[in-house]
Protein chains: 2
Amino acid sequence: MKKENGIMEGVKLGQVKFNDQGLVPVVAQDRDGRVLMLAYANLEALRLTLATGRAHYYSRSRQQLWRKGESSGNEQVIEAVLVDCDQDTILYRVRQSGPACHTGNPTCFFRRLET
Amino acid sequence: MKKENGIMEGVKLGQVKFNDQGLVPVVAQDRDGRVLMLAYANLEALRLTLATGRAHYYSRSRQQLWRKGESSGNEQVIEAVLVDCDQDTILYRVRQSGPACHTGNPTCFFRRLET
């Protein structure tokens with residue numbers, strides 16, 4: 001495996017382990033290291049993300065493929081797509097246009113958990 | 001809701017939406033913004049994380065509660081526990097001791113996805 005910017009290459013799309021609904025969780029993170037959101041992708045969403053350089057997901061509630069920003073305009077331009085050690089989680093590194101969260105917050109993680 | 005360091009407070013443990021297995025995905029991120037791993041937590045794991053200041057998870061494969069570092073020593077000291085807008089994903093901000101990944105890599109996300 002080659003190294004590029006310290007990141008080993010080498011996981012093929014076919015090696016990703018989807019859950020029993022055919023989905024894999026995807027964490028999106030911006031250039032400043034901010035964790036923006038967590039959503040899910042199916043094989044087609046990952047394929048489109050890699051092919052177009054724009055973040056695609058699969059909406060569990062709407063049961064359809066979804067390109068981030070297709071209605072809001074707040075798209076995510078892909079800088080890297082990484083896979084974890086177990087091949088069952090994906091990380092999109094993105095340049096986020098506008099707020100990532102539908103609430104208008106820059107990130108979906110804007111509240112603390114309390115007992 | 002009060003603001004502290006730009007983060008609104010206010011989600012109670014009882015408001016977290018667990019999936020049908022009683023779990024919620026948890027993203028762990030270090031102080032440098034690095035995404036370390038994704039794992040799952042049940043209510044008890046979240047409760048222990050908040051109570052002890054050490055990251056706890058629930059292992060789906062071993063079907064048991066798990067404190068990160070309990071065998072490896074590579075524990076995660078909690079700096080903040082955040083909840084997303086839908087209350088169905090958690091973000092642990094941590095100080096990571098040693099590598100987060102069982103492969104010895106600093107993060108579980110050390111490979112690129114390729115078509």
Side-chain angles (χ1 to χ4, degrees), chain A residues 1-16 24-40 46-47 49-51 60-61 80-93 100-115, chain B residues 1-16 24-40 46-47 49-51 60-61 80-93 100-115:
Chain A
M1 286 191 282
K2 292 180 298 176
K3 283 205 174 193
E4 185 190 328
N5 301 324
I7 293 170
M8 287 186 196
E9 303 194 23
V11 178
K12 296 284 185 188
L13 207 43
Q15 295 176 268
V16 173
V24 67
V26 180
V27 179
Q29 175 181 42
D30 73 12
R31 315 185 81 170
D32 300 324
R34 183 151 50 182
V35 175
L36 301 171
M37 55 186 276
L38 181 135
Y40 293 83
L46 293 183
R47 195 174 274 144
T49 298
L50 291 172
R60 295 177 302 168
S61 54
V81 179
L82 305 180
V83 191
D84 79 339
C85 52
D86 296 326
Q87 285 132 245
D88 64 1
T89 305
I90 304 293
L91 176 63
Y92 289 169
R93 288 205 187 133
C101 187
H102 76 284
T103 60
N105 283 284
T107 161
C108 294
F109 297 93
F110 57 91
R111 293 177 299 176
R112 278 178 193 270
L113 184 66
E114 301 171 342
T115 45
Chain B
M1 286 191 282
K2 293 180 297 176
K3 284 202 174 197
E4 183 190 327
N5 302 323
I7 293 170
M8 287 188 198
E9 302 193 24
V11 178
K12 295 284 183 188
L13 208 44
Q15 295 176 268
V16 174
V24 67
V26 180
V27 180
Q29 176 181 42
D30 72 11
R31 315 184 82 170
D32 301 323
R34 184 152 50 183
V35 175
L36 301 171
M37 56 185 278
L38 181 135
Y40 293 83
L46 293 183
R47 195 173 275 144
T49 297
L50 291 172
R60 295 177 302 166
S61 54
V81 178
L82 304 180
V83 191
D84 80 339
C85 52
D86 297 325
Q87 285 132 245
D88 63 2
T89 305
I90 304 292
L91 177 62
Y92 289 169
R93 289 205 186 132
C101 186
H102 75 285
T103 60
N105 283 284
T107 160
C108 294
F109 298 93
F110 57 91
R111 294 176 298 175
R112 278 178 192 271
L113 184 65
E114 300 172 343
T115 46

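Letters A, B, ... mirror the listed sequences (proteins, then strands); counts begin at 1.
- Of the atoms belonging to Arg31(A), not a single heavy atom falls under 4.5 Å from chain B.
- By the 4.5 Å heavy-atom criterion applied to side chains, Asp84(A) and Leu38(B) are not counted as neighbours.
- Of the residues considered (Val81(A), Leu13(A), Val83(A)), Val83(A) shows the highest number of contacts with chain B, using heavy-atom pairs under 4.5 Å.
- Heavy atoms closer than 4.5 Å to chain A are found nowhere in Asp32(B), neither backbone nor side chain.
- Residue Val35(A) touches chain B through both its backbone and its side chain, counting heavy-atom pairs closer than 4.5 Å.
- A pairwise comparison of heavy atoms in Leu82(A) and Arg112(B) identifies CD2-CG, 3.7 Å as the closest pair.
- For Thr103(B), the part lying near chain A is the side chain, with the backbone staying farther off; criterion is any non-hydrogen pair under 4.5 Å.
- Applying the side-chain hydrogen bond (donor to acceptor under 3.5 Å, both in side chains) test to Thr49(B) and every residue at least two apart in sequence or in another chain returns Tyr92(B).
- Every residue was checked against the side-chain hydrogen bond (donor to acceptor under 3.5 Å, both in side chains) condition with Thr115(A), not counting sequence neighbours, and none meets it.
- The contact between Leu50(A) and chain B is made entirely by side chain atoms (from C-beta outward), counting heavy-atom distances below 4.5 Å.
- For the pair His102(A) and Cys85(B), the tightest heavy-atom approach, listed with the atom from each and the gap, is CE1-SG, 3.7 Å.
- To the nearest 0.5 Å, atom SG of residue Cys101(B) and atom CG of residue Asp86(A) are 7.5 Å apart.
- Interatomic distance, CG of Leu91(A) versus CZ of Arg34(B), reported as 12.0 Å (0.5 Å rounding).
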